[in-house]
Amino acid sequence: MHVAVLGAGVIGVTTAYALAKRGCKVTIFDQASSIASGASFANGAQISYSFVDPMASPAMLKKIPAILLGKDPNIKQKPSLEPAHLRWGAYFLGNCTEPKATSNLENAISLALESRAAFQDLLAAHSISFRYRQSGKLVVTRDKATLARMHHAAKIKTKRGIEARVLSAQECWQVEPKTEPHYRDIVGGIYAPGDYVGDARRFTKALAQICIDDYGVDILLKQKVFGLATDSGNVIGIRTDDGVFSVDKVVVCMGAASAKFLSPYNIPLLIEPVKGYSFTIPANDEAPSCSLTDADHKIVFARLHSEMRIAGLADFDGDDMSLKEDRLATLKSFAERLLPNIGDYGHSGTGWVGARPMTPDGLPITQATKVNNLYLNTGHGMLGWTLACGSAERIVEIMMQRHAGSIHLKRATQ
Ligand SMILES: Cc1cc2nc3c(=O)[nH]c(=O)nc-3n(C[C@H](O)[C@H](O)[C@H](O)COP(=O)(O)OP(=O)(O)OC[C@H]3O[C@@H](n4cnc5c(N)ncnc54)[C@H](O)[C@@H]3O)c2cc1C
């Protein structure tokens with residue numbers, strides 16, 4: 001079976017690996033000139049199996065008026081009456097109930113556990129250097145209601161075998177002493193010792209090379225895919241500048257571009273590009289070694305060897321993928337205010353913007369489509385690095401027709 005994987009981000013490359021491992025002939029296509037040029041380039045570096053909580057929740061619902069009025073500095077919403085955006089918003093609101101948030105979290109945990117197992121298998125089989133480290137993850141808050149919600153989520157996680165401990169402020173400082181001088185105002189947090197950090201781009205590039213060297217995968221870069229080639233309603237290939245490329249099956253792993261790509265085929269995906277920013281600075285001895293999330297400011301700090309990767313913000317900017325200097329400056333000034341002594345904030349040239357391919361329920365779309373031979377592995381939102389390996393295994397199992405009828409097939413294509 002010859003499969004075309006569309007997109008060479010972390011999702012496309014892990015999908016290609018899962019297919020090639022099972023003996024399929026795989027060709028990856030990407031319009032960019034290098035692997036992992038999209039959202040997988042410089043993300044927050046958190047491989048956070050313990051924190052897969054979807055964005056849609058009753059707590060988020062309360063914040064929406066402030067967001068719409070432009071009063072939340074962490075989340076910006078460009079006014080838009082585009083039907084796809086409004087539809088996404090309506091579904092997002094529908095997922096902000098307690099029962100939906102809980103069932104979405106349960107489903108995300110299942111995928112996280114599968115991802116952890118698949119990632120460990122992959123790393124046992126191949127030696128890959130990508131600044132990977134079991135850092136543990138600490139999420140702190142200054143808000144008692146947020147801490148209570150963390151407590152509730154921790155109970156669900158613990159039941160599923162994930163170690164996630166709720167801590168007092170004092171205990172947070174003990175876990176990560178570097179936070180104590182700057183985080184005197186927190187009320188507590190949640191700590192997951194079993195979480196990791198790692199550089200998604202380095203990993204994706206190295207895995208792509210393994211795919212080429214060990215499994216004969218072809219990777220065609222600078223190849224924009226314009227559409228699908230079909231015959232009697234079946235996908236028989238893809239269309240690029242070079243003409244039609246014939247394959248047996250196609251998997252769409254185009255991240256935030258997936259919805260637009262599929263709309264001509266009457267496959268209306270609800271995926272909204274949500275821009276986030278990151279910057280990377282040289283770290284010093286004051287940099288925390290534990291991966292740290294400030295839940296109130298939605299900023300993550302991850303130490304990658306001698307560097308600190310700092311990521312945050314969520315901007316609904318439509319198709320505008322440009323890096324806005326004022327937003328990057330907002331992230332930098334927040335981070336410097338929170339942890340001023342961890343590295344050289346004056347270091348320039350490392351700012352980055354990427355688009356999280358967000359679904360309203362925070363769960364990726366990993367399923368067959370109504371079009372024969374066409375599959376989806378996309379919509380990983382803020383968790384694509386964490387959930388990549390499990391999603392790849394799921395879609396490939398579906399493709400191998402072993403998982404037909406799974407929960408993801410039941411989820412209607414939105
Ligand atoms: C600021 C930020 C911080 C994040 N932090 C974390 C984190 O800490 N942990 C975590 O788990 N996740 C994190 N994420 C989310 C994670 O990075 C994404 O979910 C993940 O990278 C998505 O991978 P992808 O392969 O689906 O998309 P991408 O990496 O965007 O890949 C899609 C590819 O498709 C290609 N493509 C698109 N259209 C076409 C076309 N027509 N023809 C050919 N190729 C095409 C693009 O060039 C691109 O290379 C973060 C994201 C952002 C933006």
Side-chain angles (χ1 to χ4, degrees), residues 4-16 28-49 51-52 108 111-112 115 119 135 137 195-201 203-204 208 219-228 238-241 250-262 271 273-280 291 293 298-302 304 309-315 321 323 327-328 331 351-359 362 364-366 376-392:
V5 172
L6 310 188
V10 69
I11 301 303
V13 173
T14 47
T15 301
I28 304 179
F29 294 81
D30 201 296
Q31 64 192 3
S33 55
S34 64
I35 308 284
S37 297
S40 311
F41 186 86
N43 68 18
Q46 326 261 310
I47 307 169
S48 52
Y49 304 115
F51 292 93
V52 288
L111 184 53
S115 295
F119 205 11
S135 56
K137 182 170 162 97
D195 276 352
Y196 298 80
V197 292
D199 187 311
R201 178 167 172 253
F203 168 84
T204 308
I219 302 186
L220 304 181
L221 298 172
K222 297 189 197 163
Q223 285 277 341
K224 184 168 173 119
V225 180
F226 292 104
L228 302 167
I238 55 160
R239 290 188 287 110
T240 72
D241 264 341
V250 173
V251 194
V252 176
C253 307
M254 289 173 165
S258 306
K260 279 240 155 88
F261 178 78
L262 287 167
I271 296 179
V274 180
K275 278 161 72 177
Y277 289 75
S278 81
F279 62 99
T280 309
S291 129
T293 297
K298 308 268 180 303
I299 294 184
V300 299
F301 297 85
L304 297 169
R309 172 75 49 79
I310 299 158
L313 307 187
D315 291 357
M321 294 298 152
L323 186 151
R327 294 299 281 154
L328 182 60
L331 177 67
W352 173 78
V353 67
R356 305 176 185 93
M358 294 284 286
T359 57
I365 302 166
T366 303
L376 310 174
N377 189 14
T378 185
H380 291 74
M382 52 192 188
L383 288 165
W385 180 207
T386 304
L387 301 178
C389 291
S391 307

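Below, each value reflects all heavy atoms present in this structure, side chains not excepted, and no hydrogens, waters or symmetry copies. Counting convention: from 1, in listed order, for ligands and their atoms alike. Owing to the predicted nature of the structure, the values given are computational and were not obtained by experimental measurement.
- Counting only heavy atoms from C-beta outward, the side chains of Leu6 and Ile238 approach each other to under 4.5 Å.
- Annotation: atom 12 (N) of ligand 1 to nearest protein heavy atom, Met382 O, 3.0 Å.
- Looking at atom 42 (N) of ligand 1, its nearest protein heavy atom turns out to be Val225 N, 2.9 Å.
- Looking at Trp385 next to ligand 1, an N or O pair under 3.5 Å apart turns up.
- When non-hydrogen atoms are compared, ligand 1 lies under 4.0 Å from the backbone of Tyr277 (N, CA, C, O) but not from its side chain.
- Taken from CG in Asp199 to CH2 in Trp385, the straight-line distance is 7.5 Å, to the nearest 0.5 Å.
- Remark: ligand 1 atoms within the under-4.0 Å shell around heavy atoms of Gly381 are 15 (C), 16 (C), 18 (C), 19 (O).
- Applying the 4.0 Å criterion to heavy atoms of Gln46 picks out, from ligand 1, the atoms 7 (C), 8 (O), 9 (N), 10 (C), 11 (O).
- Distances from ligand 1 to the non-hydrogen atoms of Leu6 include no value under 4.0 Å.
- Given atom 5 (N) of ligand 1, the protein heavy atom at minimum distance is Gly44 N, 2.8 Å.
- Taking only non-hydrogen atoms, the option from Ala32, Ala42, Ala39, Ala355 nearest to atom 22 (C) of ligand 1 is Ala39.
- Each of Thr280, Ile299, Val300 was checked for a side-chain contact (heavy atoms from CB on, under 4.5 Å) with Ile310, and the lone residue meeting it is Ile299.
- In this structure, Val300 does not count as a contact residue of ligand 1, since none of its heavy atoms falls inside 4.0 Å of the ligand.
- Among the candidates Val197, Thr293, Leu383, the single residue satisfying the side-chain contact (heavy atoms from CB on, under 4.5 Å) test with Ser48 is Leu383.
- Using a distance-only test at 3.5 Å, with no hydrogens or angles considered, a donor-acceptor pair links the side chain of Asp195 to the main chain of Tyr49.
- Annotation: the span from Ser34 atom OG to Ile219 atom CD1 amounts to 11.0 Å, rounded to 0.5 Å.
- Phe226 CZ to Asp241 CG: the interatomic distance, rounded to the nearest 0.5 Å, is 4.0 Å.
- In this structure, Thr378 has no heavy atom closer than 4.0 Å to ligand 1.
- Below 3.5 Å of separation, one finds an N or O of Asp30 facing an N or O of ligand 1.
- For Cys253, every heavy-atom contact with ligand 1 shorter than 4.0 Å involves the backbone, none the side chain.
- Under a 4.0 angstrom heavy-atom cut-off, Ser278 registers as lying outside contact with ligand 1.
- Contacts of Lys275 with ligand 1, taken as heavy-atom pairs under 4.0 Å, are absent altogether.
- Remark: ligand 1 atoms within the under-4.0 Å shell around heavy atoms of Gly7 are 33 (C), 34 (O).
- Ser291 places no side-chain N or O within donor-acceptor distance of the main-chain N or O of Lys137, the cut-off being under 3.5 Å.
- Taking all heavy atoms of Gly354, Gly384, Ser40, Gly12 into account, the minimum distance to atom 23 (O) of ligand 1 is reached by Ser40.
- Closest heavy-atom approach to atom 24 (P) of ligand 1 within the set Val197, Ile310, Ile11: this belongs to Ile11.
- Distances below 4.0 Å separate heavy atoms of Ala257 from the following atoms of ligand 1: 37 (C), 38 (N).
- A donor-acceptor pair under 3.5 Å is formed between the side chain of Arg309 and the backbone N or O of Asn43.
- Among Pro364, Ser391, Ser258, the one residue that satisfies the side-chain contact (heavy atoms from CB on, under 4.5 Å) test with Thr378 is Ser258.
- Residue contacts with ligand 1 for Ala45 involve N, CA, C or O but no side-chain atom from C-beta outward (heavy atoms, distance under 4.0 Å).
- Checking only distances, Val274 never comes within under 3.5 Å of ligand 1, N or O to N or O.
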